[in-house]
Amino acid sequence: MATVLVTGGAGYIGSHTCVTLLEAGYEVAVLDSLANSSAAAIDAVAEIAGRRPRLDVADCRDEAAVEKVMAEVRPDAVLHFAGLKSVPESVADPLGYYRHNVGSTAVLLAVMESCGVRRIVFSSSATVYGLPDTLPVPETAPTRPANPYGSTKLVIEQMVADVVRADPRWSAALLRYFNPVGAHPSGLIGEDPEGVPGNLMPYLLQVAVGRRANLPLYGTDYPTPDGTALRDYIHVMDLAEGHLVALENLESSAGQVHTYNLGTGRAASVREVIAAMREATGHSLPYEELERRAGDVPELWADPTKARSELGWSASRTLAEMCRDAWAWQSAHPQGYRS
Ligand code: NAD
Ligand code: UD1
């Protein structure tokens, strides 16, 4: 049975991926600082999967701590989710974001090399494309991130690619997520943002449970059919399954770096998401129409053909399922893991 180390495994996407990995038979060890998550997520993962992952509370920037965990766990591969992900925070503190995201990954890669662990799956983002020239966006599209967060993702992609190029015993999958939403259908794990949610779906869920009065709807004058921005929302369990197949593919990928878009290839507008969420929750979900949010692109959705043809993976869950499962989580945990 293969063993994997999951950095950031207590977080939103990491915890869902842990469930998928455990159910696929992997031994799973989580390394997480719990800076943006709770150990309760690991309890819930254990409850769903019937097996408990090991949890080490440590920071990826702490070389000695990472070394200790790596030496004890001796993983066959690392899935690297750990990092900071707020666009506005990264604009306010770019150096902090480079030090954290790029710095921690440099430490992690160095420790992997010294321990002979040379397979990595990295959480990148569609944000590396910035404002796209054509839609849907293929992996070959130009990369020009519009904010420091996106730049850290691109720098890490390049760093990983350089490491693989220097030593063909390495292999890597760089996964560019579009807009991950939803939750495990059990409602036991889900997204639990600190403070005011910056993203659409968690904000709507907090309106639905009564934590916030109405959604600020940013931009109603985009050149789109209903005037609101279009995005490629993907169910987090589809995303988790994408990690599993990308990981398995690394076994036969020595010396290679694979870059994949993980999206559905379908676009939904903000108004469509609100309507789907109303249907799922039975709440009216009032909103206030505001100016566009700085830095938002009008439309962004994936060309997911490469992952389908090379990995046999495609996202199957609908927007209605994303809303239903997100609501199962939020309605059972109105205050997130503190509920
Ligand atoms: P999250 O904040 O829920 O999870 C990240 C986890 O990493 C948290 O548990 C946090 O405590 C941990 N962490 C952060 N810095 C750490 C460090 N230095 N050492 C150890 N642990 C650390 O975020 P998420 O939404 O699950 O995102 C996971 C990854 O996917 C991130 O790298 C993010 O940039 C990327 N991503 C997320 C989205 C999205 O919409 N959620 C989209 C594209 C890419
Ligand atoms: C944002 C980040 C992106 C990151 C992604 C992770 C920005 C500019 N981009 O993408 O880098 O990878 O999150 O999930 O921050 N909206 C509202 N009201 C809200 C929140 C959002 O109307 O309260 C709108 C936005 O204007 C956008 C759409 O909903 O049109 C989706 O927003 P969001 O969920 O934040 O995702 P992205 O902007 O695509």
Side-chain angles (χ1 to χ4, degrees), residues 6-17 30-39 41-42 56-62 65-66 69 79-91 97 99-101 103-105 107-108 122-130 145-150 152-153 156 175-181 190-194 196-204 206-207 212 214-220 222 224 228-234 236 239 243 262-263 268-271 273-274 287-301:
V6 182
T7 75
Y12 170 45
I13 303 168
S15 59
H16 289 79
T17 306
V30 169
L31 187 158
D32 198 304
S33 64
L34 303 182
N36 194 38
S37 54
S38 158
I42 300 298
D56 285 276
V57 179
D59 196 299
C60 285
R61 292 167 295 175
D62 180 345
V66 177
V69 174
L79 290 94
H80 182 36
F81 295 92
L84 303 179
K85 61 166 186 176
S86 160
V87 171
E89 261 175 35
S90 79
V91 171
Y97 261 63
R99 289 183 72 175
H100 194 120
N101 287 354
S104 61
T105 308
V107 168
L108 179 69
F122 172 62
S123 301
S124 188
S125 170
T127 199
V128 298
Y129 296 118
N147 54 67
Y149 163 67
T152 68
K153 289 295 178 190
I156 295 168
L175 305 182
R176 294 176 176 165
Y177 312 157
F178 280 67
N179 288 61
V181 297
E191 190 170 10
D192 184 16
E194 277 285 318
V196 183
N199 298 117
L200 176 63
M201 195 71 110
Y203 204 110
L204 274 174
Q206 293 196 4
V207 175
R212 307 203 179 266
N214 54 19
L215 173 83
L217 198 177
Y218 299 123
T220 53
Y222 284 109
T224 58
T228 65
L230 296 173
R231 292 291 184 278
D232 187 335
Y233 298 93
I234 175 171
V236 67
L239 200 61
H243 285 75
L262 296 186
S269 73
V270 178
R271 292 194 200 281
V273 173
I274 295 171
Y287 56 83
E288 184 186 0
E289 297 189 359
L290 300 173
E291 295 297 300
R292 297 180 182 190
R293 182 171 69 176
D296 276 353
V297 297
E299 347 179 65
L300 187 63
W301 68 92

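Order of listing sets the numbers, starting from 1, for every ligand and every atom in it. None of the values given here were measured: they were computed from a predicted structure.
- Counting atoms of ligand 1 from 1 in the listed order, those under 4.0 Å from a heavy atom of Leu34 are 11 (O).
- Scanning the protein for heavy atoms near atom 4 (O) of ligand 1, the closest one is Gly11 CA, 3.4 Å.
- Residue Ser37 places at least one N or O, backbone or side chain, under 3.5 Å from an N or O of ligand 1.
- When Tyr233, Tyr12, Tyr177 are ranked by how near their heavy atoms come to atom 36 (N) of ligand 1, first place goes to Tyr177.
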Test side-chain contact (heavy atoms from CB on, under 4.5 Å) applied to Thr220 and Arg271, step by step | CA-CA 9 Å; Thr220 53; Arg271 292 194 200 281; 3.5 Å; yes

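- With values rounded to the nearest 0.5 angstrom, Glu289 atom CD is found 9.0 Å from Thr228 atom OG1.
- Under 4.0 Å from ligand 1, not a single heavy atom of Asn101 appears.
- Residue, atom and distance of the protein heavy atom nearest to atom 29 (C) of ligand 1 are Phe81 O, 3.2 Å.
- Contacts with ligand 1 closer than 4.0 Å are made by no heavy atom of Ala126, backbone or side chain.
- Between the Thr7 side chain and the Phe81 main chain, a donor and an acceptor come within less than 3.5 Å of each other.
- Distance from atom 2 (O) of ligand 1 to its nearest protein heavy atom, with residue and atom name: Asn36 ND2, 2.7 Å.
- The N/O atoms of Ser33, backbone and side chain alike, include one that comes under 3.5 Å of an N/O atom in ligand 1.
- For the atom pair Leu217 CG and Leu290 CG, the distance stands at 7.5 Å (nearest 0.5 Å).
- Using a 4.0 Å cut-off between heavy atoms, Glu191 makes no contact with ligand 1 at all.
- With a 4.5 Å cut-off on side-chain heavy atoms, Tyr287 and Val270 do not count as touching.
- With ligand atoms numbered from 1 in the order given, ligand 1 contributes 43 (C), 44 (C) to contacts under 4.0 Å with heavy atoms of Ser124.
- Looking only at side-chain heavy atoms (C-beta outward), His16 and Leu239 stay at 4.5 Å or farther from each other.
- Formation of a donor-acceptor pair under 3.5 Å by the Tyr149 side chain with backbone atoms of Pro88 is not found in this model.
- For Arg99, the CZ atom sits in a loose shell: 12 or fewer heavy atoms of surrounding residues, nucleotides or ligands are nearer than 6.0 Å.
- The contact set between ligand 1 and His100, taken as ligand atoms under 4.0 Å from a residue heavy atom, comprises 15 (N), 16 (C), 17 (C), 18 (N).
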Chi angles and distances behind the side-chain contact (heavy atoms from CB on, under 4.5 Å) call for Tyr233, Leu200 | CA-CA 10 Å; Tyr233 298 93; Leu200 176 63; 3.3 Å; yes

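- The closest approach between Arg176 and ligand 1 stays at or above 4.0 Å for every heavy atom of the residue.
- The backbone N or O of Gly150 lies less than 3.5 Å from no partner atom in the side chain of Tyr97, so there is not a single donor-acceptor pair.
- Neither the backbone nor the side chain of His80 has a heavy atom within less than 4.0 Å of ligand 1.
- Without hydrogens or angle criteria, Asp32 side chain to Ala10 main chain gives a donor-acceptor distance under 3.5 Å.
- Among protein heavy atoms, the minimum distance from atom 25 (O) of ligand 1 is reached at Lys85 NZ, 2.7 Å.
- With respect to atom 27 (O) of ligand 1, the closest heavy atom belonging to the protein is Ile13 CD1, 3.9 Å.
- Within the 4.5 Å cutoff, no side-chain heavy atoms of Ile234 are placed close to those of Tyr177.
- With hydrogens and angles ignored, the 3.5 Å screen pairs no side-chain donor or acceptor of Asn199 with any backbone N or O of Met201.
- Scanning all heavy atoms of the two residues, the minimum distance from Val57 to Ser33 falls at CG1-O, 3.8 Å.
- Protein residues having at least one heavy atom under 4.0 Å from any atom of ligand 2 are Val87, Ser125, Thr127, Tyr149, Asn179, Gly198, Asn199, Leu200, Tyr203, Leu215, Pro216, Leu217, Tyr218, Ala229, Arg231, Tyr233, Val270, Arg293, Gly295, Asp296, listed by chain and number.
- The protein heavy-atom contact nearest to atom 19 (N) of ligand 1 is Cys60 N, 2.8 Å.
- Residue contact check for ligand 1: Thr7 places no non-hydrogen atom closer than 4.0 Å to it.
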Verdict with supporting geometry, Cys60 and Thr105, side-chain contact (heavy atoms from CB on, under 4.5 Å) | CA-CA 7 Å; Cys60 285; Thr105 308; over 6 Å; no

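- For atom 14 (C) of ligand 1, the nearest non-hydrogen atom from the set Ala35, Ala58, Gly83 belongs to Gly83.
- The ligand atoms of ligand 1 that sit less than 4.0 angstrom from a heavy atom of Ser123 are 29 (C), 30 (O), 32 (O), 35 (C).
- In the vicinity of Ala82, heavy-atom distances shorter than 4.0 Å reach the ligand 1 atoms 7 (O), 13 (N), 16 (C), 20 (C), 21 (N), 22 (C).
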Go through the steps to decide whether Ser124 and Leu175 satisfy the test side-chain contact (heavy atoms from CB on, under 4.5 Å), and finish with yes or no.
-> CA-CA 5 Å; Ser124 188; Leu175 305 182; 5.9 Å; no

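- Closest approach of Tyr129 to Arg176, counting heavy atoms only: OH-NH1, 2.9 Å.
- Contact between Asn101 and Gly83 at its shortest, heavy atoms only, is OD1-CA, 3.4 Å.
- When the heavy-atom distances from atom 8 (C) of ligand 1 to Asp32, Asp56, Leu84 are ranked, the shortest goes to Asp32.
- In this structure, the protein non-hydrogen atom closest to atom 40 (O) of ligand 1 is Pro180 CD, 3.2 Å.
- Atom 34 (O) of ligand 1 has Tyr149 OH, 2.7 Å as its closest protein atom, hydrogens excluded (heavy atom only).
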